Undergrad: 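Sharing a structure with you now.
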Amino acid sequence: MAQAKEGDRVKVHYTGKLDDGSIFDSSECAEDDCGCGHGPIEFTIGQGEVIPGFEAGIKGLSVGESKTIHIPVEEAYGERVQEMVAVVPRGDLPPEMNPEVGQQLEVTQEDGQVFSVLVVEVTNETITIDANHPLAGQPLNFELKLVEIL
């Protein structure tokens, strides 16, 4: 039976867990007909479409085969970078904006590049935003099942 290798386009079901066992994402819904839209993730091995540790975990699997992997921080979303946290004066925000902790905002850099940030603190004078990936700094665990090699 064929095994997944570099250059293969694959479909994979997964459940991602933190070290404490809490689930942060899953392609398989626990409820029948929930309409959540989840399904197997599709990507090409070697194209950098998923984190390196996830991609490495798929290599060598045959269709229908499953395995559990542990991905260290450096093969996941990397370490948290304090320089990616910024305090912004409220006066720099549009007057109609009322940011709340936990809100995702899109920021446009001077070069036109757009990226997401998370509001982590709000005061009367400032808001603190964090551009780190929410899972940065954390090792990840995945239950993987190779569904198809396309």
Side-chain angles (χ1 to χ4, degrees), residues 4 6-59 61 66-148 150:
E6 192 88 7
D8 284 344
R9 186 128 186 105
V10 296
K11 285 187 177 183
V12 177
H13 268 304
Y14 66 90
T15 298
K17 297 180 181 181
L18 301 176
D19 279 351
D20 67 5
S22 61
I23 295 174
F24 63 84
D25 194 13
S26 179
S27 66
E28 298 187 270
C29 188
E31 299 177 32
D32 291 336
D33 301 319
C34 73
C36 64
H38 284 264
I41 186 172
E42 185 176 320
F43 65 95
T44 301
I45 298 173
Q47 296 297 307
E49 298 170 42
V50 296
I51 58 175
F54 190 100
E55 193 172 77
I58 297 303
K59 289 180 184 176
L61 288 183
S66 298
K67 81 177 184 184
T68 300
I69 61 171
H70 175 80
I71 302 175
V73 171
E74 57 276 3
E75 293 178 29
Y77 292 99
E79 295 290 344
R80 288 189 51 73
V81 177
Q82 188 57 40
E83 289 78 19
M84 294 179 73
V85 178
V87 178
V88 179
R90 296 281 300 246
D92 288 357
L93 303 175
E96 68 278 359
M97 181 180 271
N98 189 22
E100 297 177 9
V101 171
Q103 182 179 11
Q104 291 273 357
L105 301 176
E106 285 191 349
V107 175
T108 304
Q109 293 180 313
E110 289 180 11
D111 64 4
Q113 183 178 0
V114 178
F115 61 97
S116 293
V117 298
L118 180 66
V119 178
V120 294
E121 184 179 357
V122 177
T123 70
N124 288 335
E125 295 82 31
T126 64
I127 69 164
T128 304
I129 55 174
D130 186 348
N132 283 286
H133 188 282
L135 296 172
Q138 299 190 61
L140 306 176
N141 303 285
F142 283 94
E143 296 168 9
L144 304 172
K145 181 178 183 180
L146 182 58
V147 176
E148 187 176 359
L150 305 168

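Keep in mind that what you see is a predicted model, and the values were worked out from it rather than measured.
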Undergrad: Could you tell me whether the side chain of Val119 reaches within less than 4.5 Å of the side chain of Glu100, counting heavy atoms only?
TA: no
Undergrad: What are the two closest non-hydrogen atoms of Ala76 and Pro52, and how far apart are they?
TA: O-CD, 4.3 Å
Undergrad: Take atom CG of Asn124 as the centre, draw a 6.0 Å sphere, and report whether it contains more than 12 heavy atoms from other residues, nucleotides or ligands.
TA: no
Undergrad: Can you find a pair of side-chain heavy atoms, one from Pro40 and one from Val12, that are under 4.5 Å apart?
TA: no
Undergrad: Ignoring hydrogens and geometry, is there a side-chain-to-backbone donor-acceptor pair from Gln138 to Leu135 under 3.5 Å?
TA: no
Undergrad: Which pair of heavy atoms, one from His13 and one from Gly39, lies closest together, and at what distance?
TA: CE1-C, 4.0 Å
Undergrad: To the nearest 0.5 Å, what is the distance between CD1 on Ile58 and CG on Leu146?
TA: 6.0 Å
Undergrad: With respect to Val87, which candidate in Ile127, Thr123, Thr128 satisfies the side-chain contact (heavy atoms from CB on, under 4.5 Å) definition?
TA: Thr128
Undergrad: Would you kindly say whether Asp25 and Tyr14 are connected by a side-chain donor-acceptor distance under 3.5 Å?
TA: yes
Undergrad: Test your reading of the model: is there a side-chain donor-acceptor pair from Asp8 to the backbone of Val10, 3.5 Å cut-off?
TA: no
Undergrad: Looking only at heavy atoms, which two atoms of Ala4 and Ile45 are closest? And how far apart?
TA: CB-CD1, 3.8 Å
Undergrad: Using 0.5 Å steps for rounding, measure from the CZ atom of Phe142 to the NZ atom of Lys17.
TA: 12.0 Å
Undergrad: Report yes if some heavy atom in the side chain of Glu49 is under 4.5 Å from a heavy atom in the side chain of Arg9; otherwise report no.
TA: yes
Undergrad: Please give me the minimum heavy-atom distance between Val117 and Ala131, naming the atom from each residue.
TA: CG1-CB, 3.8 Å
Undergrad: Could you state the interatomic distance from CE (Met97) to CD (Gln103), rounded to the nearest 0.5 Å?
TA: 6.5 Å
Undergrad: Does the Glu55 side chain pair with the main chain of Gly46, one donor and one acceptor, at a distance under 3.5 Å?
TA: yes
Undergrad: Are the side chains of His70 and Asp19 in contact, using a 4.5 Å heavy-atom criterion?
TA: yes
Undergrad: Return the minimal non-hydrogen interatomic distance between Gly57 and Lys67, and the atom names on each side.
TA: O-CE, 2.8 Å
Undergrad: Is the number of heavy atoms from other residues, nucleotides or ligands within 6.0 Å of CD (Glu110) greater than 12?
TA: no
Undergrad: What I'd like to find out is whether the side chain of Leu140 reaches to under 4.5 Å of the side chain of Tyr77, using heavy atoms alone.
TA: yes
Undergrad: Just verifying a value: how many Å separate Glu125 CD and Arg90 CZ, rounded to the nearest 0.5 Å?
TA: 9.0 Å
Undergrad: Using a cut-off of 6.0 Å, state whether more than 12 heavy atoms not belonging to Gln104 lie near its atom CD.
TA: yes
Undergrad: Say you draw a straight line from CG of Asn132 to CD of Gln82; how long is it, rounded to the nearest 0.5 Å?
TA: 8.0 Å
Undergrad: Measuring from atom CE of Met84 to atom CG of Leu118, what distance do you get when rounded to the nearest 0.5 angstrom?
TA: 12.0 Å
Undergrad: State, with a plain yes or no, whether a side-chain heavy atom of Glu42 is found less than 4.5 Å away from one of Leu150.
TA: yes
Undergrad: Which heavy atom of Leu93 sits nearest to which heavy atom of Pro99, and what is that distance?
TA: CD1-CG, 4.0 Å
